[in-house]
Asker: 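Here it is: the structure, laid out below.
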Amino acid sequence: MKRMLKVLSATLMAGVAAVALLAGYLAYPGNPSRSKYMKFEGFIELPREGMLTVLDYLTLSHQTLFVASESSGTVFKIDLDPNSYASSPITIQRGSGSAHGIVLAPDTNAGFVTRSEANVVDVFDPKTLAPLGSIPVADDPDGIQYIPSTRLLYVANGDPKMATLIDPVQRATVGTISLPGKPEFAAVDPASGWLYQNLTGTNTVAAIDIAKRAVTAQWPLAPCRRPTGMAIDAKLRRLFSVCADSANLVVFDLDAHRVVTSMKIGGGADSVAFDPALRRIYSAGRSGELTVIQQDGADSYRILDRIHTHYGAHTLAVDPVSHKVFVAYAVLLAAPRIAVFAPAP
């Protein structure tokens with residue numbers, strides 16, 4: 001009995017120590033690991049709102065970065081100061097329900113943010129973040145896209161496996177599309193006007209004709225398991241999907257409709273961004289790795305670096321003009337923050 005008590009006591013102490021170490025790690029995010037290819041330019045600290053902050057989608061519009069907080073429902077607007085990112089002015093809008101995708105609709109002077117717990121898309125002034133209204137949608141709204149060819153907003157509703165279409169001018173729903181799986185990230189192909197949607201439960205990608213309100217085709221992404229983030233190279237006709245369970249990135253040929261190559265990246269992969277000028281792909285996941293990949297050709301890729309960031313730093317955005325990369329951190333007992341990287345000369 002005494003021996004058993006000693007074993008239980010040792011196990012309990014080890015568990016407490018592990019939790020303490022994890023809490024300390026989350027509470028004190030250090031600088032990223034050094035890289036030959038990316039220069040760390042510092043953090044943009046956001047106002048602290050609670051014990052744990054989990055940031056979700058990042059949306060970049062010119063020199064303004066919009067950040068959604070999944071944990072608090074806050075939307076942050078950062079007016080980026082390239083001379084001192086740490087001094088960038090920050091505006092906040094608090095709201096009910098977890099905040100996820102953010103998009104600005106051209107010619108409307110309005111921004112839109114999905115809120116999963118409230119099951120609405122809130123409308124706001126992108127300059128001041130002042131609320132302008134709210135649009136009810138189906139359960140579990142997550143990603144949101146603007147479709148130029150139809151001038152509609154596309155909202156991915158995860159649990160009901162469907163999408164909601166919104167007229168951003170009328171600020172009203174105009175239709176729905178049934179999906180053959182639970183949607184994750186999506187991206188628009190400028191050439192065809194089709195929207196490509198990752199389906200996480202079926203490990204496939206679907207092509208959607210928004211004008212016809214229909215899924216036109218669906219293809220497998222093997223060896224991808226649980227596809228999440230997506231980006232498109234319109235010039236070379238390639239789609240990049242990152243996969244949370246298999247920890248890899250797959251390259252999909254948009255014309256041949258097949259996966260042409262795959263490579264290992266960080267665990268819990270969630271988001272991916274493509275810089276068409278530098279031909280670089282960036283991916284981030286919950287394991288805390290920023291993977292930098294160079295595209296040498298349509299079907300030729302190599303990993304340049306794996307930069308250790310912070311556990312939970314799973315979303316990012318890239319500026320195609322300045323080529324800066326912004327990575328959102330999840331933190332405990334500390335101010336949430338955005339890490340800023342630039343390609344090394």
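The structure displayed is predicted, hence computed values, not measured ones. For the single chain, residues carry numbers from 1 onward in sequence order.
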Asker: Determine whether the aromatic ring centres of F76 and F66 lie less than 6.0 Å apart.
Answerer: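 For F76 and F66, the ring centres are not under 6.0 Å apart.
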
Asker: Any non-hydrogen side-chain atom of Q218 less than 4.5 Å from a side-chain atom of T202?
Answerer: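 The answer is yes, as the side chains (C-beta and beyond) meet within the 4.5 Å cut-off.
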
Asker: With salt bridge (Lys or Arg N to Asp or Glu O under 4.0 Å) as the criterion, how do D253 and R237 come out once you've worked through the C-alpha distance, each side chain's angles and the decisive distance to 0.1 Å?
Answerer: CA-CA 6 Å; D253 187 324; R237 308 290 297 146; over 6 Å; no

Asker: Does NZ or CZ of R337 lie under 6.0 Å from the centre of the six-membered ring of Y329, at an angle within 45° of the ring axis?
Answerer: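 No, R337 does not sit over the ring of Y329.
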
Asker: Of the non-hydrogen atoms in V188 and P148, which two are nearest, and what is the gap between them?
Answerer: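 Shortest heavy-atom contact: CG1-CD, 4.4 Å.
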
Asker: What verdict does the side chain to side chain donor-acceptor pair (under 3.5 Å) test give for H100 and T114, after you've listed the backbone C-alpha separation in whole Å, the side-chain angles of each residue and the deciding distance to 0.1 Å?
Answerer: CA-CA 5 Å; H100 298 288; T114 59; 5.6 Å; no

Asker: Would you kindly say whether T200 and E184 are connected by a side-chain donor-acceptor distance under 3.5 Å?
Answerer: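 No pair is found: no donor N or O on one side chain lies under 3.5 Å from an acceptor on the other.
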
Asker: List the steps, then state whether side chain to side chain donor-acceptor pair (under 3.5 Å) holds for T291 with E289.
Answerer: CA-CA 6 Å; T291 309; E289 179 183 295; 2.7 Å; yes

Asker: Is a side-chain donor-acceptor pair under 3.5 Å present for D319 with S322?
Answerer: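 The criterion, which ignores hydrogens and geometry beyond distance, is satisfied for D319 and S322.
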
Asker: For residues D122 and S134, is any side-chain donor paired with an opposing acceptor at under 3.5 Å?
Answerer: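 Side chains of D122 and S134: pair found under 3.5 Å.
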
Asker: Given S96 and E117, is the side chain to side chain donor-acceptor pair (under 3.5 Å) satisfied, shown in steps?
Answerer: CA-CA 8 Å; S96 60; E117 293 171 353; over 6 Å; no

Asker: Please test D296 against R279 for salt bridge (Lys or Arg N to Asp or Glu O under 4.0 Å), starting from the C-alpha separation and ending with a verdict.
Answerer: CA-CA 8 Å; D296 295 320; R279 318 305 301 177; over 6 Å; no

Asker: Regarding Q295 and Y301, is there a side-chain donor-to-acceptor distance under 3.5 Å anywhere?
Answerer: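 A donor-acceptor contact under 3.5 Å links the two side chains.
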
Asker: Step by step, would you call D159 with K161 a salt bridge (Lys or Arg N to Asp or Glu O under 4.0 Å)?
Answerer: CA-CA 5 Å; D159 290 341; K161 301 177 183 178; over 6 Å; no

Asker: Do M230 and L249 land in one hydrophobic cluster if side-chain heavy atoms of ILVMFWY residues count as linked below 4.5 Å?
Answerer: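 Different clusters.
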
Asker: Using the side chain to side chain contact (heavy atoms under 4.5 Å, CB included) definition, which of the options S71, S98, P336 pairs with V54?
Answerer: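 So the option named by the test is S71.
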
Asker: Could you walk me through whether R226 and D245 pass the salt bridge (Lys or Arg N to Asp or Glu O under 4.0 Å) test, one step at a time?
Answerer: CA-CA 6 Å; R226 195 154 71 90; D245 288 352; 3.0 Å; yes

Asker: P343 versus Y37: any side-chain heavy-atom pair under 4.5 Å?
Answerer: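 The answer is no, as the side chains (C-beta and beyond) never meet within the 4.5 Å cut-off.
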
Asker: Under 6.0 Å between the ring centres of F185 and Y57?
Answerer: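 Here the rings of Y57 and F185 have centres that are less than 6.0 Å from each other.
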
Asker: Under 30°, 30 to 60°, or over 60°: which ring-plane class applies to Y85 and F326, parallel, tilted or perpendicular?
Answerer: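 Rings of Y85 and F326: perpendicular, over 60°.
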
Asker: Rounded to the nearest 0.5 Å, how far apart are OG of S246 and CG of L221?
Answerer: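 Here the rounded value is 9.5 Å.
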
Asker: Identify which one of Q93, E49, R94 satisfies the side-chain hydrogen bond (donor to acceptor under 3.5 Å, both in side chains) criterion when paired with T74.
Answerer: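 The single option meeting the side-chain hydrogen bond (donor to acceptor under 3.5 Å, both in side chains) with T74 is E49.
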
Asker: Could you tell me whether the side chain of I338 reaches within less than 4.5 Å of the side chain of I78, counting heavy atoms only?
Answerer: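 Yes; the side chains approach each other to less than 4.5 Å.
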
Asker: Between N198 (side chain only) and T228 (backbone N and O only), is there a donor and an acceptor less than 3.5 Å apart?
Answerer: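 Checked: pair present.
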
Asker: Should the pair F43 and F40 be assigned to parallel (<30°), tilted (30 to 60°) or perpendicular (>60°) ring geometry?
Answerer: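 F43 vs F40 ring planes: perpendicular.
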
Asker: With distance as the sole criterion, is a donor-acceptor pair present between the side chains of T164 and N157 under 3.5 Å?
Answerer: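 T164 vs N157: donor-acceptor pair found between side chains.
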
Asker: Do I307 and R34 come within less than 4.5 Å of each other through their side chains, counting heavy atoms only?
Answerer: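 Contact flag for I307/R34 side chains = no.
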
